[in-house]
Amino acid sequence: MAPGEVEILLVEDDPNDLELTLRTLRQHRIANTVEIARDGVEALDFLFCRGKHASREFANPRIVLLDLKLPKVDGLEVLKAIRNDPRTAMVPVTVLTSSKQQQDVIASYKLHVNSYIQKPVNFDDFQETVRQLGLYWLVVNEPPPDPLAP
Amino acid sequence: MTNGASLLGHYSLGFVLSMMAVSSIVAIAATIWWNAISLRHMQAVQDQALRIGQQQKESLLRLAKQLEQAHTFREVLSPTLAEINPVMGYRTAWAYLFSEDGSTATLLAVGGPLADFVRESLPVLTVRGDPFLEAIFAATGPVIVEDARLDPRTNKQIVEQLQNRTIINVPLMLADRRIGALGTGTFGDEGIKRPTPDQLEYFSAMSTHVAAALDRIKLLEERARVNAELERRVAARTAQLEAANKELEAFSYSVSHDLRAPLRHIDAFSRILLDEHAQTLDESAKRYLSVIRGGAQNMGRMIDDLLQLSRLDRQDADRRPTDLGTLVRDVVQELQHDAGERSIEWIIGPLPEVICDTGLIKLAFSNLLSNAVKYTKYQPHAVIQVGAVDGSNPAAIFVRDNGAGFDPRYADKLFGVFQRLHRKEEFEGTGVGLATVHRVVRKHGGRIWAESGVGKGATFFLTLEGDT
């Protein structure tokens, strides 16, 4: 992996949900490199190498796990920004959220999200879901090419 | 008496001729001739009077016909002026409409400078304190001002502004009520033009027609105003309902999203506690944690069910022709797949085609049939039957199972939300399935009821219309 490249960008503002997701990723050895963003601004700063990530070398994560309800800039706006920039437009994004409301599902797919997962209440189910997500996007799925490659 | 010859025949010709000189004969002849001319003149005037009478009658008839078509105050005044002009020679007409108590008068006008004065909006004048308007309001007959400049009653400022000269007003009466006044007259260069008695008669007769027409239009306008008010209220109420609906949607959204997160945390951290501290936890501690987890998961399911129920309430039924036979068979196939190894006999009789919301009815049958599957789980051989009740009108469908049944004494609780007639440890479920079916059936204007006995299976009947 290139320097600055991470496997998973996890965008999650709730500290409990963060702990549960990280725990699962760690326990099931799903990913080695996980970058955490606590709100939309941090997520975009990381992706576009600005703000506190200005010195990072540009490289897209393999998968972005995106919560929808975020402070400052919310999930859908992050998704829109990712899709609007040619450097990041093809990055796989999975919405991982509490809600299954139709308006959220529709809005996400309209912005070309790759998949939409409602976090199960049952923790066992949640762990199984995260495990499958990791396996699918990091192992099974063929990632898009590096946009900056010659 | 139409010619001199017959006149002369009345006198004794021989006597006169023999007694008078030629000059006397000439003098008499002249007198007779002059009388004939003045008689002829009077005849002509009388003829003219008859003719004017005819012209006026035709004019009023014409006006009456036109007023039938009038829908606005202006449509009343314009044809009125069109008749006044040839008959009376005036070029302006107006009408005052008094308020109920006579305190104010609204002025409408057509033709001449007065029309320009009222062009933009109808001026409302205060009657009290204006001697001219007060006189008009009190009058029982025509009020004639020969020259506005000289008449003491007129407001000289207005006369200066409008250049009135002759002003004629007649009251507009409806039964005994004075609803206004009809007016005509001259302005500026037109000078003074006093109306003849005939013309006044005509003008008064005209006022009767005009009064009736104006009153009719006032009623039309009142009705239009009331209609507009009703529509406004309906629109306001609709807006209120839409706002309430939106609030409900926002509430549901909040519930679905925000309430779930803490539930997940309760479940997850209980689980983690169980895992990581299994050594230090004794059996009862582990049991408590399981209960905590169960509670959180249960609540999650109830939230999902409530949201579904609320979504159902808010949507309209999209009715289309639906073949119930195919629909029920689809549901059975899905349930059979989940039931797996169990031995279930499905008896599906002929089912009608109905007009209904396919999605909602499928949900209803899904609930009814999965209930049937659930409550027959202790039967070694479950039998579930779906059919149409013979000769029922409106068409009634039944779902019958040979399962645990329920106590009919509590039948009225059957369709309540979260109401259960069995213990959770016997049969799982949140108790929203039948509430859902009930809502769907009600939405279609139908009815649902059930018959059962403990241990004797249950039959649910439903109709999809016929109840308002």
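Excluded from the calculations below are hydrogen atoms, water molecules and symmetry mates; all remaining heavy atoms, backbone and side chain alike, are included. In what follows, chains are A, B, ... by sequence order, proteins preceding strands, each numbered from 1.
Under a cut-off of 6.0 angstrom, the local environment of NE2 in His28(A) is crowded, with over 12 non-hydrogen atoms contributed by other residues, nucleotides or ligands. The 12-atom threshold is exceeded at CZ of Arg342(B), counting heavy atoms of other residues, nucleotides or ligands nearer than 6.0 Å. Environment of CD in Gln103(A): crowded, with over 12 heavy atoms of neighbouring residues, nucleotides or ligands closer than 6.0 Å. Within a 6.0 Å sphere centred on OH of Tyr410(B), heavy atoms belonging to other residues, nucleotides or ligands number 12 at most. Around the OH atom of Tyr109(A), the shell of radius 6.0 Å holds more than 12 heavy atoms that belong to other residues, nucleotides or ligands. Other residues, nucleotides and ligands contribute over 12 non-hydrogen atoms within 6.0 Å of the NZ atom of Lys377(B). Crowding of Lys110(A) atom NZ: a count of heavy atoms from other residues, nucleotides or ligands under 6.0 Å not exceeding 12.
If you measure heavy-atom distances from Asp14(A) to chain B, the contacts under 4.5 Å come from the side chain alone. Looking at Gln118(A), the atoms closer than 4.5 Å to chain B (heavy atoms on both sides) all sit in the side chain, from C-beta outward.
Listed by sequence position, Leu263(B), Arg264(B), His265(B), Asp267(B), Ala268(B), Phe269(B), Arg271(B), Ile272(B), Glu276(B) are the residues of residues 263-283 of chain B in contact with chain A, using a 4.5 angstrom heavy-atom cutoff.
By number of non-hydrogen pairs under 4.5 angstrom with chain B, the leading residue of Lys69(A), Arg23(A), Glu19(A) is Arg23(A). The most heavy-atom pairs under 4.5 Å with chain B, out of Asp17(A), Leu68(A), Leu20(A), come from Asp17(A).
With a 4.5 Å cut-off on side-chain heavy atoms, Asp124(A) and Arg293(B) count as touching.
Contacts of Phe415(B) classified as ring-ring contact (aromatic ring centres under 6.0 Å, His included), with partners at least two apart in sequence or in another chain: His438(B).
Ser98(A) OG to Leu259(B) CG: the interatomic distance, rounded to the nearest 0.5 Å, is 10.0 Å.
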